[in-house]
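One-based numbering along the sequence shown.
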Amino acid sequence: MQQFTLRSDSSSTPDPADLLSKLNEQQRRAASHVQGPLLIIAGAGSGKTRVLTYRIAHLLQKQHALPHNILALTFTNKAAREMQSRIQDLIGERASGLWMGTFHSIFSKILRFEAERIGYSSSFSIYDSADSENAIKLILKELNYDPREIRPRTIQYKISDAKNQLVGPDTYQNRFVQSTLDDITARVYQLYTRRLKEANAMDFDDLLIRPIELFEEHPDVLEKYQDKFRYILIDEYQDTNHAQYKVTRLLADKYENICVVGDDAQSIYSFRGADISNILNFKEDYQKATEVPLEQNYRSTKHILQCADSVIKQNRKQLEKTLWTENIDGEPITLLENFDERDEANRIVNYINDLKLRHGYQNNDFAILYRTNYQSRIFEEALRRKNIAYQLVGGLSFYQRKEIKDVLAYLTLLVNPEDEQALLRIINEPSRGIGNKSLNDLLKKARSTGSSVWKILKNVETADLYKPAEARVKEFVQMIENLRELLESGTPILDVTKKVLEKSGYLKALVEENSAQSLTRRDNVLELQNAIAYYQQNTGNAKLSNFLQEITLITDTDKYDENKPAVTLMTVHASKGLEFPVVFIVGLEENLFPMGPREGEEPNTEEERRLFYVAITRAQKHLFFSYSKMRFKYGEEQRQARSRFLNEVDPGVVRTETGATIRQNRTDSSSFSVERDDSSDSAKRTDTEIDYDWKSPVNSKKPRSSGNSDYEYEYDDDPFRTGAHVLHPSFGAGKIVQRSGAGRDARVVVYFKNRGQKTLMLRAARLQVIQ
């Protein structure tokens, strides 16, 4: 069980000439370990990337391994680039030649070399999730199912889960069919696997399971890569799924020089197949394993770390570690209690402005973290109203925009004309007179003959198409063939791209449409040219197939720009591995965070708690929790219960703000201060515990009423503040305990002596302030 303790680093002074002299004692122990399995339990903010970097540099400097003998696997390209850069800073050019990258990028590279061994060509396409979903949609129609009733994405998830568990279509059909949906999935899975092979394509999951197939069916290939990768390092091991576990186990079996780094307390990806038992059982898999805990936190203040520890210690299944820090105590965590989600967003945006003024923070020092993507909208609106720049991580990617997908489909066909999804996407885009009936005829011909659509197109005379459509198909095929010849002749890929846009008429069609939307799409296409130009300029022997592979494997975290002067909006899942001076964790309500289980599933409270722990440990200096008492759901406002996790936080490091008064500085509209009303200590007590003074002062001023449909007060003139004594014609005397909204939307929560707590709209409440 984790515990929070404070202590000093008692490590001995190392030789300053040693490469590892800058590490603390435990970090040095891990980085200097050379032979045999190694498990590094790296607590949040304990410098795991630093340890991996120095360990690789140490292996190279001490000549334990050559660069190509080291395989380092990460979960984001950003992490791989950062490690590569740090290693080069430490030891220079000796770091070139390392195999370092994400699981998908590394094993797709291996598959390019070995594809023919498993029946593919080296030019295979990689289907992203949208491509896979479209392929499944076609198969459902082929099987006479309505994709509006049987959702392709649901089938896609079930197939992906089966693949990650190394369950093939035959096994799925024989052992995993327990419902009608399972039966449909099994039939689709069979055809989907066949269609991918016919299209010379793999999906994301195939990039992990095809290498296992390769190694198990060809022992000579396995041994070649075992001898090549004598040292294997895996980052974020707690996030590996069964396929990732299996493929790295195969590679490590010969020499067992495998080093895994992870934190079971940050295992948050079970929904995509991650198996926490991989890290929990590592020492059972590798009996001679050495375990090194990294326990000193360099990121967060003592209060933030103590808060995180008090939460995660509620979990039962975890590895032993004792987190500690030498950082300052820092400010208490602030818990914001809000009336509704608009109140929540507005208050947080106000705090951002206030902290910028008081501490000199920039926009990119702030992160707003939420449980689900749909929560971003209300914060986007609030930030726009205050003219605060923001970046949304996890929204629609540039490479997922229609016009970009269209152009990439053209480019994909030049590399792999068998790619059915790319072909169907652009054969009539822009319109060239090849309609849906002709496309359906072509598909039927391909299915009945067991041939690919591209082969049918090349022999279109056999497809019995309408003659004008047949002529246009021939023109299309000739265009693609000419462009393929241009690419194969060694023409730079930027020039090939420009020729594609010219010959296809795609850019011309956008310009001729001349609408605001089409011109924006044109600008996006030109921006794609810029991306290709940059890639070509910065990559030796730039190949189109490699460019297409790189952009297909981009992750959400890779899209995050830490230097962009903007507030970051992202899910907690997407924030993994990042850190910010100021973090707001919002929507801390039951059935939102923690998220309630899906129908038919058991609740996974321990993983939701780990997710909360990850969110907390992104914060360096200031941490805010926030929840709303009301929230719009399914078109109506519903009462919310605060998250159970808030009850698990050490109360000694949290201060609660039940309401805030924003005082506008009239000489500077961007300046304001946030003041808590603690006069009755209401920040720490429930409504029923508050001791109200119900007696009116003898020399009362004239009461001021709120019963006005045009209710509007300036901030300094508004009498209906938190703590004000009021009188209601029906409920009697009361005290305002919370205030939210402004103008016509202003609301107050009032505790009445005889009627309890009521929420009232000020413009209609007919309240009178008793001065």
Strictly distance-based, threshold 3.5 Å: is any side-chain N or O of [X] a donor or acceptor partner for the main-chain N or O of [Y]?
X      : Y      : value
Asn257 : Gly36  : yes
Thr185 : Leu181 : yes
Asn440 : Asn436 : yes
Glu236 : Gly262 : no
Arg610 : Gln266 : no
Arg112 : Phe107 : no
Asp131 : Asp128 : yes
Ser85  : Arg81  : no
Asn416 : Ala199 : yes
Ser489 : Leu486 : yes

Flag side-chain contact, heavy atom, 4.5 Å: [X] against [Y]:
X      : Y      : answer
Ile456 : Thr449 : yes
Gln549 : Ser108 : yes
Leu73  : Thr102 : no
Leu191 : Arg187 : no
His242 : Asn164 : no
Glu116 : Ser122 : no
Lys137 : Arg151 : no

[X] side, atom [atom1]; [Y] side, atom [atom2] - distance, nearest 0.5 Å:
X      : Y      : atom1 : atom2 : result
Leu233 : Thr53  : CG    : OG1   : 10.0 Å
Asp203 : Glu133 : CG    : CD    : 13.0 Å
Thr497 : Leu544 : OG1   : CG    : 6.5 Å
Phe75  : Ile234 : CZ    : CD1   : 8.5 Å
Thr290 : Gln35  : OG1   : CD    : 11.0 Å
Ser270 : Glu607 : OG    : CD    : 3.0 Å

Please determine if [X] and [Y] form a salt bridge, counting it only when a charged side-chain N lies under 4.0 Å from a carboxylate O.
X      : Y      : value
Glu418 : Lys197 : no
Lys254 : Glu223 : yes
Asp495 : Lys499 : no
Glu475 : Arg472 : no
Arg117 : Glu217 : no
Lys288 : Glu256 : no
Glu198 : Lys455 : no
Glu429 : Arg425 : no
Asp441 : Lys445 : no
Lys141 : Asp146 : no

Practice task
With Arg272 as the cation and Tyr269 as the aromatic partner, state whether NZ or CZ is under 6.0 Å from the six-membered ring centre and within 45° of the axis.
Solution key: yes
Practice task
Would you verify whether the NZ or CZ of Arg249 falls within 45 degrees of the ring axis of Tyr286 while also being under 6.0 Å from that six-membered ring's centre?
Solution key: yes
With a cut-off of 3.5 Å and sequence neighbours excluded, list every side-chain donor-acceptor pair involving residues 169-176.
| residue | atom | partner | partner atom | Å |
| --- | --- | --- | --- | --- |
| Asp170 | OD1 | Gln190 | NE2 | 2.8 |
| Tyr172 | OH | Asp182 | OD1 | 3.4 |
| Asn174 | ND2 | Asp170 | O | 3.1 |

Handout entry: Working for side chain to side chain contact (heavy atoms under 4.5 Å, CB included), residues Lys246 and Leu166
Key = CA-CA 9 Å; Lys246 177 73 172 180; Leu166 303 182; 3.9 Å; yes
Handout entry: salt bridge (charged side-chain N to carboxylate O under 4.0 Å, His left out) evaluation trace for Glu420 with Arg195
Key = CA-CA 8 Å; Glu420 185 177 288; Arg195 297 284 182 267; 5.2 Å; no
Exercise for the section: Check the side chains of Glu527 and Asn530 for a donor-acceptor pair under 3.5 angstrom, ignoring hydrogens and angles. Expected result: yes
Handout entry: Ring centers of His573, Phe271 separated by less than 6.0 Å
Key = yes
Practice task
If the plane angle is over 60° it's perpendicular, under 30° parallel, otherwise tilted; pick one for Tyr410 and Phe476.
Solution key: tilted
Handout entry: Geometric class of the Phe547/Tyr399 ring pair [parallel <30°, tilted 30-60°, perpendicular >60°]
Key = perpendicular
Fill in the blank from the handout: Shortest non-hydrogen pair, Ser96 vs Pro67, comes out as O-CB, 3.2 Å
